[in-house]
Engineer: 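Pasting a structure here, questions to come.
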There are 2 protein chains.
Amino acid sequence: MATIKDVAKVAGVSVATVSRVLNSNGYVNVDTKKRVDQAIEQLNYRPNDVARALFKGRSKMIALFVPDIMNPFFPELARAVEDITNKNDYTFVLCNTDDNLEKVLTYMDALQQKSVDGIIIVSSTITAESLKRINVPVIALDRIFSSELSTVTVDNYQGARKATEYLIGLGCQRIAHISGPINASNAKNRLQGYLDIVSDEDWFLPSYVASGSFNLQKAKDVATELLMNHPELDGIFAANDVMGIGAMKAAESLGIHVPNDLSVIAFDGITMGEMATPSLTTMEQPIYDMGARAAEMLIEQINDQKLSRKNEAFSVQLVERQSTKRKRDMNE
Amino acid sequence: MATIKDVAKVAGVSVATVSRVLNSNGYVNVDTKKRVDQAIEQLNYRPNDVARALFKGRSKMIALFVPDIMNPFFPELARAVEDITNKNDYTFVLCNTDDNLEKVLTYMDALQQKSVDGIIIVSSTITAESLKRINVPVIALDRIFSSELSTVTVDNYQGARKATEYLIGLGCQRIAHISGPINASNAKNRLQGYLDIVSDEDWFLPSYVASGSFNLQKAKDVATELLMNHPELDGIFAANDVMGIGAMKAAESLGIHVPNDLSVIAFDGITMGEMATPSLTTMEQPIYDMGARAAEMLIEQINDQKLSRKNEAFSVQLVERQSTKRKRDMNE
DNA sequence: ATGCTATATGTAACCCGTTACATATAATGA
DNA sequence: TCATTATATGTAACGGGTTACATATAGCAT
């Protein structure tokens, strides 16, 4: 690997001049620049980012914390963040936290030691306290866990209202909700949106709400219980698509036909929802756009440390597919 | 951020002694060590990895190249690699290549400049030539693209044979294959496995093979064509699960019942296959284990540069689910 | 002609570790 | 007792960049 000294020698100048050429800094004579460029070309020289990082205290790396990349919601988010970070000459580091605070802290130390420039975090368990451990810009994505951070989310509350209203509009008369973990802000808001629509209905029972932890198997289990205890249910709003699929699996194994006997709507808009049979009606989030926006905001903050806090909420969009259907006997 | 100098000052020793304590190198008096440890504790000192990397020419970073993390096969692979790299105190960098050579080269330059320690590559298009661009250990995973590299794969050929034989064993008498891109070694071997079983059958037609590019929509299209042109088909072996789901979707929209009229078997064992309805019979790969093994092999190679080339192939396992069924009328 | 500024380039300190080498004392062996 | 070795610690060079500061010439205004 050629170094800046080699380039300087070949071009017959000092390292400072080469550095000026590399960074388009200060004064450099056009002819000198030409000679330096030639030397760079000739030696196929690439500046050593580690040396730069050491001096600058910045590494041109951005990290994304997700609970688990195997959860199908996250790959698209990760892809978006990676695309934007790369476009801006950053390197993308992926960290699976399992929503485990200790892992998060270990990651933060490791990243700090590598002079990471900024972090995007999807988490419901991280404490604002633990962010003090690291002194770089942080953006919260998808879920809010500290009021001091800039955030990118969707309007979970309105989306949940719309989903519930949609089921009512189809003629559903008993609607259950499978919620995510209530310590997650998005799950909480989706639950609230549902409750604000149905809690005044005379048919509503608190036992129409069950927690599925954003997990397929768990959702399948609670949906089974829900459907067995409440055969009158004709609609389910699941707080995410994975749980929506779990609910459909539960219905199927109980011989309940979706969408004829039961309409299922969920939330997220992951590809898997389209592939399910029946395909899943859902409140679609602009997942890629959210990841991309979070990355952009982070880079803005890296470039301008004093930038103020900003919250951006995308809106969600109803995508009607096969898991919901207007009720025939809606002529009362 | 405290530096090693601060620690040295507080402990009343030189930086060399602190360094010795940090790295358990050379001689250090027990009492001195105690004082240094206290100083480290007191200042909450963490060594600067960038400075270390500059001196050592190694960054403790490992990169994984995948075509696209949004393809559901890769998250589990990525998760495995990340787990192992972290366990060994490496930082995990994810690179989506889109199987685009130019992106690959850009990544390689960027990683080289950051003194990355090693790379794991899933790719069908990278040339052995382009690997010369970077001078670090490389492991090929899932697909073989250079005979000079250590590789971790599965026995695609045997798996494909078993899948095809399984369909025959169920009584299928006309079996088509939806292949992946033939420039991918795994797709090629799966195709060959299929061909070696069926090409001598008198019913076999070359037009029973169609390429689906490992892509759902493409597979759905070619499956539709296949099923329309060849209504006699009663079995499909898709070269991966995503295409298997595409084939089922095609059958569904043509009113062909899976598995009663058509058995579908695929390859991979991704979670989505379980979630599909009917759930997908498949040749399951130990995806996590493969990623983990590749990471382990890479780390071995990083620690012992002269380690010889090694190829490891995991075996695949038949997982019977709802998309395949023994034919009733198999009494001839 | 003189002083000031813009242009051009070089020297060396600095970022923060690691380690070769120097130095010094204590322990061991002949 | 003297040489040798093990133990203990410090000094300074080094890795490869960036940049503050010094230096020097040319162009311009007064």
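As a basis for the values below, the full set of heavy atoms in this structure was taken, side chains included, without hydrogen atoms, waters or symmetry mates. In the text below, chain A, chain B and the rest are named by the order of the sequence lines, each starting its count at 1.
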Engineer: Just do the side chain to side chain donor-acceptor pair (under 3.5 Å) check on A:Thr153 and A:Asn186 with the steps written out, would you?
Structural biologist: CA-CA 8 Å; A:Thr153 55; A:Asn186 53 358; over 6 Å; no

Engineer: With rounding to the nearest 0.5 angstrom, report the CG to SG distance, B:Leu111 to B:Cys95.
Structural biologist: 5.0 Å

Engineer: Not counting sequence neighbours, which residues clear side chain to side chain contact (heavy atoms under 4.5 Å, CB included) with B:Glu129? List them please.
Structural biologist: B:Thr127, B:Lys132

Engineer: Report yes or no: do A:Glu312 and A:Thr151 form a side-chain donor-acceptor pair below 3.5 Å?
Structural biologist: no

Engineer: Decide yes or no on side chain to side chain donor-acceptor pair (under 3.5 Å) for B:Arg143 and B:Ser185, but give the supporting numbers first.
Structural biologist: CA-CA 6 Å; B:Arg143 308 173 193 183; B:Ser185 68; over 6 Å; no

Engineer: What integer distance in Å separates B:Asn29:CG from C:dA27:P?
Structural biologist: 12 Å

Engineer: Kindly calculate the angle separating the two end axes of the helix from C:dA1-D:dT30 to C:dA30-D:dT1, each obtained from five base pairs, and round it to 10 degrees.
Structural biologist: 40°

Engineer: Report, as a single string ordered 5' to 3', how protein heavy atoms within less than 4.0 Å touch nucleotides 16-28 of chain D: B base, S sugar-phosphate only, - not at all.
Structural biologist: BBBBB--------

Engineer: Would you call A:Asp109 and B:Arg46 a salt bridge, taking side-chain N to carboxylate O under 4.0 Å as the test?
Structural biologist: yes

Engineer: For C:dA8, take OP1 and OP2 only and decide whether either is under 4.0 Å from a side-chain N or O of A:Tyr27.
Structural biologist: no

Engineer: Mind calculating the distance between CZ (B:Arg35) and P (D:dA8) to the nearest angstrom?
Structural biologist: 13 Å

Engineer: Answer yes or no: is there an ion pair linking B:Asp89 with B:Lys60, defined by an N-O contact shorter than 4.0 Å?
Structural biologist: no

Engineer: Answer yes or no: are there more than 12 heavy-atom neighbours, outside A:Lys310 itself, under 6.0 Å from its atom NZ?
Structural biologist: yes

